[in-house]
Amino acid sequence: MRWNRGSNARYQLALWVMLIPFLGGTVLLVLMPMLMTVGLAFTEYDVLSPPRWRGFESFAIIVRRDLFWIAVRNSLVYMLLAVPLRMLGALSLALLLNQRRRGIALYRTAIYLPTVIPAIAYALIWLWIYNPLYGPLNKLLGAIGLPEPAWLADGRTALVAIVIMAGFQLGEGFVILLAGRQEIPKEYYDAAAIDGGTSWLMMRHITLPLLMPWLILLTIRDIIASVQSSFAPAYLMTDGGPYYATLFVPLLIFEEAFDRFRFGEASAMMVALFLGLGLLLILLRHATGGWGYSDDI
């Protein structure tokens, strides 16, 4: 008994020792910057002088700025377009490529490949694709007799162009939904087929309900990730233009902090961004009746 207790204590100690680097990284890279951001949101700070406490004045300043609300609107439009597009694409491809066929691994790899490309390289690739003079997209559109828009130079198409490029980075969602679909027992579909169930009825009453937890999880993940994924293309491809058409909240925060040295206002925007994301997730939870799981049998 004493040997068992000693062995268990050593095992627990080994686990904590292995966790120390991850816990240290979390505290250093996540918790401390978060606490500093919250603290700076209530101060006036320009790096050159010590922070000066001013309460909620930074929040009052940002809500009076038209640029802040333009960035909020653009971020919401981007989220409302990009998240459903990525979810629908990932679900459709997961169901389409669920069957075991020759060459199926190649198609799955091709779908996942854009996800592993670094954000900067991915943005530069699409900057070439969208080039109005020699980009392959406009060359293809012109070859079939369609208009050749100036994608990133036109305020009417710039935001749509960034949404389209985001729609191709759905590899993670595709892999998760493919794994979820393969976990559904084949017996469910066999029983439904015996009862005369059509493919649409099986999709509606078997596939979608059993994939719902995965879909909700991915929706939450995409809502949060859309904040990060909108920064690189807006910064590298359009710089927030034209006419602020692609000015998103993360880009505005970056400009406030590192171009204008208004760290107080930038921190206030960051806090407002996190609070807004939290509110969206709470609304999503109430709209879906939970996170897609149930303990009822």
Side-chain angles (χ1 to χ4, degrees), residues 75-101 104-105 107-117 119 122 159-160 162-193 195 197-231 233 248 250 273-297:
S75 297
L76 287 175
V77 172
Y78 173 80
M79 185 183 302
L80 291 174
L81 293 177
V83 173
L85 177 64
R86 287 159 56 94
M87 294 299 302
L88 182 60
L91 177 62
S92 301
L93 291 171
L95 298 178
L96 180 64
L97 300 179
N98 178 54
Q99 304 296 328
R100 294 183 178 273
R101 297 178 181 176
I104 202 71
Y107 294 119
R108 293 174 179 174
T109 303
I111 293 170
Y112 189 77
L113 185 61
T115 305
V116 301
I117 300 176
Y122 190 70
L159 180 57
V160 176
I162 293 180
V163 170
I164 292 174
M165 64 175 286
F168 283 88
Q169 287 188 310
L170 44 76
E172 294 177 357
F174 164 74
V175 170
I176 292 174
L177 290 176
L178 180 62
R181 172 60 183 85
Q182 292 179 347
E183 286 294 318
I184 301 177
K186 186 176 180 295
E187 291 78 6
Y188 292 178
Y189 297 96
D190 294 338
D195 291 337
T198 62
S199 299
W200 165 247
L201 290 176
M202 293 181 191
M203 168 75 70
R204 180 180 177 183
H205 296 287
I206 299 177
T207 305
L208 290 180
L210 293 177
L211 287 180
M212 189 56 63
W214 306 87
L215 291 170
I216 295 176
L217 174 65
L218 288 173
T219 301
I220 294 171
R221 180 257 180 201
D222 268 18
I223 289 175
I224 298 174
S226 65
V227 176
Q228 178 181 356
S229 64
S230 65
F231 175 77
F248 303 114
L273 176 62
F274 282 127
L275 292 176
L277 284 175
L279 179 60
L280 281 176
L281 296 181
I282 292 174
L283 293 175
L284 177 63
R285 183 180 188 278
H286 285 287
T288 57
W291 301 122
Y293 296 91
S294 176
D295 294 331
D296 299 332
I297 299 177

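In what follows, residues are counted from 1 in the order of the sequence shown.
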What one should report as the nearest heavy-atom pair of Met79 and Pro84 is O-CD, 3.6 Å
Output the distance between atom CG (Leu178) and atom CG (Leu96), rounded to the nearest 0.5 Å. 10.5 Å
More than 12 non-hydrogen atoms from neighbouring residues, nucleotides or ligands closer than 6.0 Å to CD on Glu183, yes or no? no
If only atom types and distance count, is the side chain of Arg86 paired as donor or acceptor with the main-chain N or O of Gln169 below 3.5 Å? yes
Please give me the minimum heavy-atom distance between Thr115 and Leu170, naming the atom from each residue. OG1-N, 3.9 Å
Is any side-chain heavy atom of Leu201 closer than 4.5 Å to one of Ile206? no
Gap between atom CE of Met87 and atom CG of Leu218 - 0.5 Å precision: 4.5 Å
Please confirm whether the backbone N or O of Ile223 pairs with a side-chain atom of Ser226, one donor and one acceptor, at under 3.5 Å? yes
Under 3.5 Å, side chain of Arg181 to main-chain N/O of Ala94, donor-acceptor pair present? no
Counting only heavy atoms not in Arg221 (residues, nucleotides, ligands), do more than 12 fall under 6.0 Å from its CZ? yes
Can you name the ring-ring contact (aromatic ring centres under 6.0 Å, His included) partners of Phe231, sequence neighbours left out? Tyr235, Phe254
Apply side chain to side chain contact (heavy atoms under 4.5 Å, CB included) to Thr198 and Met202, showing your working. CA-CA 6 Å; Thr198 62; Met202 293 181 191; over 6 Å; no
Ile162 to Pro233 - nearest heavy-atom pair and separation: CG2-CG, 4.0 Å
Report the distance from atom CD of Gln99 to atom CG of Leu97, rounding to the nearest 0.5 Å. 10.0 Å
Calculate, to the nearest 0.5 Å, the distance between atoms CG and CD1 belonging to Asn98 and Ile184 respectively. 8.5 Å
Looking only at heavy atoms, which two atoms of Val227 and Ser230 are closest? And how far apart? O-OG, 3.1 Å
Tell me, do Leu279 and Phe274 make a side-chain contact under 4.5 Å, heavy atoms counted? no
When every non-hydrogen atom of Thr219 is compared with those of Leu215, the smallest separation belongs to OG1-O, 2.7 Å
Between Leu281 and Ile224, is any pair of side-chain heavy atoms under 4.5 Å apart? yes
On a heavy-atom basis, which atom in Gly173 and which in Ala90 lie closest, and how many Å separate them? C-CB, 3.8 Å
Using modelled atom types only, decide if a donor and an acceptor are shared between the side chain of Tyr122 and the backbone of Met165 within a distance under 3.5 Å. yes
Does the side chain of Phe174 come within less than 4.5 Å of Arg108's, by heavy atoms? yes
Asp195 side, atom CG; Asp190 side, atom CG - distance, nearest 0.5 Å: 11.0 Å
Going from CG on Asp222 to CG on Leu85, what distance comes out if it is rounded to the nearest 0.5 angstrom? 10.0 Å
For Phe168, does the CZ atom sit with more than 12 other heavy atoms under 6.0 Å from it, leaving out its own atoms? no
Side chains of Thr207 and Leu210, heavy atoms from C-beta outward: is any pair under 4.5 Å? no
